[in-house]
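A short write-up of the structure that comes next.
Below, chain A is the first sequence line, B the second, and so on; all start at residue 1.
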Number of protein chains: 2
Amino acid sequence: MKDRRKAILEAAARVIARRGVRGLRVEELAAEARVSKALVYYHFEDRAGLLRHTLEFIGDRAERYTRRDPAGRPHEPVSPLRELERRLLLELQDAPEVRENSTAWGELRASAVFDPELREELAQAGLDWVREIADLLGRAGPTVPDAALVASAERLTALLEGLSTRWLIGLLPLRHARELMREAIAVELERLELPDRPAVCTVR
Amino acid sequence: MKDRRKAILEAAARVIARRGVRGLRVEELAAEARVSKALVYYHFEDRAGLLRHTLEFIGDRAERYTRRDPAGRPHEPVSPLRELERRLLLELQDAPEVRENSTAWGELRASAVFDPELREELAQAGLDWVREIADLLGRAGPTVPDAALVASAERLTALLEGLSTRWLIGLLPLRHARELMREAIAVELERLELPDRPAVCTVR
DNA sequence: GTCTATAAAGCGATAGAC
DNA sequence: GTCTATCGCTTTATAGAC
């Protein structure tokens with residue numbers, strides 16, 4: 001009951017989803033968590049510290065829903081291609097937690113354009129993310145040169161980021177964004193000549 | 001010489017490219033334009049009005065370099081596919097004006113996630129943009145159903161936005177971003193069965 | 001139209017009581 | 001640990017002279 005610290009982090013995640021990292025005001029956050037401003041400073045030193053811990057909190061939550069099933073257990077191993085699709089569609093869901101995560105990551109990317117300090121951490125995360133997708137593609141088609149896998153992974157992840165932003169803006173219904181993502185995966189697989197899955201529905 | 005109004009708008013575009021929409025301070029902008037703060041308010045009412053006019057200004061500039069050659073004349077008509085490629089690669093250039101525009105549009109999209117007021121204008125521009133790309137695809141392959149053209153256009157434009165952000169963050173060298181975009185175009189054309197252009201280099 | 005000076009508001013951060 | 005009250009800087013916006 002008295003874990004106010006966690007309540008503050010959860011509230012921070014909600015406020016970031018509503019106002020953005022740059023729009024987060026300590027006062028609004030305190031109100032959201034139903035605590036005083038001073039308590040926020042007591043637990044997190046200053047605004048920057050609060051932000052650090054909140055982003056870590058959000059990252060941990062993402063980790064959880066990335067690698068575990070809804071009940072919290074590591075999810076069943078599936079084929080590399082299924083896993084690939086699962087991973088890429090994970091960010092396109094309307095659950096509050098996921099939406100908060102997508103929003104925060106989008107903001108982080110957007111902020112990094114103007115804040116060199118953010119770039120380093122983001123660069124590492126971005127590379128890891130591309131690498132994971134490339135590996136999943138590689139496990140499905142072991143004879144494809146690595147450079148081609150990486151190029152496909154880069155396109156897929158960049159597309160995901162673009163679609164995610166458009167979804168969050170309200171420019172693209174979630175269903176449609178997911179559909180576009182699925183088709184893009186299929187198109188890339190065709191290009192890599194790994195059509196051991198339902199072929200892309202042909203256009204005409 | 002005394003068109004300070006225009007000088008302010010140009011300065012605003014530069015400051016937005018440097019600090020972002022949300023990082024723009026009227027004081028910094030005034031210094032950049034070498035005018036007093038008060039003059040900014042005289043010409044543009046308030047910060048929101050300044051932002052509106054600046055974004056309009058940036059949009060007009062983009063319009064100009066989208067439809068005209070460097071000398072300012074409407075550029076030579078080319079084949080739909082060449083035009084398609086030209087349009088999609090236009091935003092991925094290192095010229096200061098283009099970089100400013102890309103940065104500003106990226107910020108606009110990112111800000112719109114948290115600001116419903118920005119969405120309307122952005123929504124219209126986004127729809128027009130998809131429509132134009134879809135039309136160019138359609139002119140190249142008149143028998144393809146419209147829904148498929150739109151889907152391809154949506155993927156290509158969303159990808160462009162993702163790549164552009166990654167470029168501006170410094171996560172993707174410009175050359176590489178352009179290469180990924182070109183390949184994506186080729187892949188989509190193959191999918192639409194419009195391979196009347198150099199085929200995608202096969203992977204293995 | 002353009003400036004200098006200043007008011008007014010917003011917001012991060014701290015002091016001190018309980 | 002948690003609160004109320006307040007300080008001080010930053011930033012938007014206005015008043016009034018030229």
Side-chain angles (χ1 to χ4, degrees), chain A residues 1-58 103-104 107-108 110-111 113-118, chain B residues 1-58 104 107-108 110-118:
Chain A
M1 163 92 198
K2 278 294 137 61
D3 202 0
R4 245 94 168 204
R5 202 171 189 276
K6 193 179 169 202
I8 292 173
L9 289 173
E10 286 166 348
R14 287 196 300 277
V15 174
I16 287 177
R18 195 161 59 231
R19 307 279 183 219
V21 169
R22 288 171 283 185
L24 180 142
R25 299 287 165 258
V26 178
E27 182 144 27
E28 182 177 1
L29 154 65
E32 174 85 22
R34 294 177 198 268
V35 300
S36 68
K37 256 197 309 182
L39 192 62
V40 177
Y41 288 99
Y42 172 78
H43 280 299
F44 299 99
E45 183 85 346
D46 57 12
R47 188 180 179 279
L50 167 70
L51 240 37
R52 254 199 337 277
H53 282 92
T54 305
L55 294 173
E56 186 188 351
F57 172 75
I58 290 174
T103 307
E107 255 283 282
L108 209 49
S111 304
V113 174
F114 310 105
D115 181 355
E117 281 191 32
L118 287 178
Chain B
M1 164 89 199
K2 279 294 137 60
D3 203 1
R4 245 96 168 203
R5 202 170 188 279
K6 193 179 169 201
I8 292 174
L9 289 173
E10 286 166 348
R14 288 196 299 277
V15 174
I16 287 177
R18 194 160 61 231
R19 308 277 185 223
V21 168
R22 285 169 285 188
L24 180 143
R25 299 286 166 258
V26 177
E27 181 144 30
E28 181 177 1
L29 154 67
E32 174 87 21
R34 295 179 198 268
V35 299
S36 67
K37 262 193 304 182
L39 192 63
V40 177
Y41 288 100
Y42 172 78
H43 280 299
F44 300 100
E45 184 83 348
D46 58 11
R47 189 181 178 280
L50 167 70
L51 239 38
R52 255 199 337 276
H53 283 92
T54 304
L55 295 171
E56 186 186 350
F57 171 75
I58 289 172
E107 254 286 280
L108 202 52
S111 304
V113 173
F114 311 106
D115 181 353
E117 281 191 32
L118 288 177

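- Within residues 26-48 of chain A, the residues that place at least one heavy atom under 4.0 Å from DNA chain D are, in residue-number order, A:V35, A:S36, A:A38, A:L39, A:Y42, A:H43.
- A side chain to side chain donor-acceptor pair (under 3.5 Å) check over residues 17-35 of chain B, counting only residues at least two apart or in different chains, returns the pairs A:E107-B:R22, B:R14-B:E32, B:R18-B:E28, B:R18-B:E32, B:R19-B:E28.
- A:L24 comes within 4.0 angstrom of sugar-phosphate atoms only, judged by non-hydrogen atoms across all strands, and of no base.
- Partners of A:L55 according to the side chain to side chain contact (heavy atoms under 4.5 Å, CB included) rule, which considers only residues two or more places apart in sequence or in another chain, are A:L108.
- Identified under the salt bridge (charged side-chain N to carboxylate O under 4.0 Å, His left out) test for residues 42-56 of chain A, with sequence neighbours left out: none.
- Every residue two or more places apart in sequence or in another chain was checked for a ring-ring contact (aromatic ring centres under 6.0 Å, His included) with B:F57, and none qualifies.
- Phosphate proximity of C:dG1 to B:R4: absent, as no side-chain N or O sits under 4.0 Å from OP1 or OP2.
- Taking CD1 of A:I16 as the reference point, atom OG1 of A:T54 lies at 5.0 Å (rounded to 0.5 Å).
- With sequence neighbours excluded, no residue forms a ring-ring contact (aromatic ring centres under 6.0 Å, His included) with B:Y41.
- Atom CZ of A:R25 and atom C1' of C:dG12 are 10 Å apart (whole Å).
- Summarising the geometry, the separation between CG on B:L51 and C1' on D:dT12 is reported as 13 Å, rounded to the nearest angstrom.
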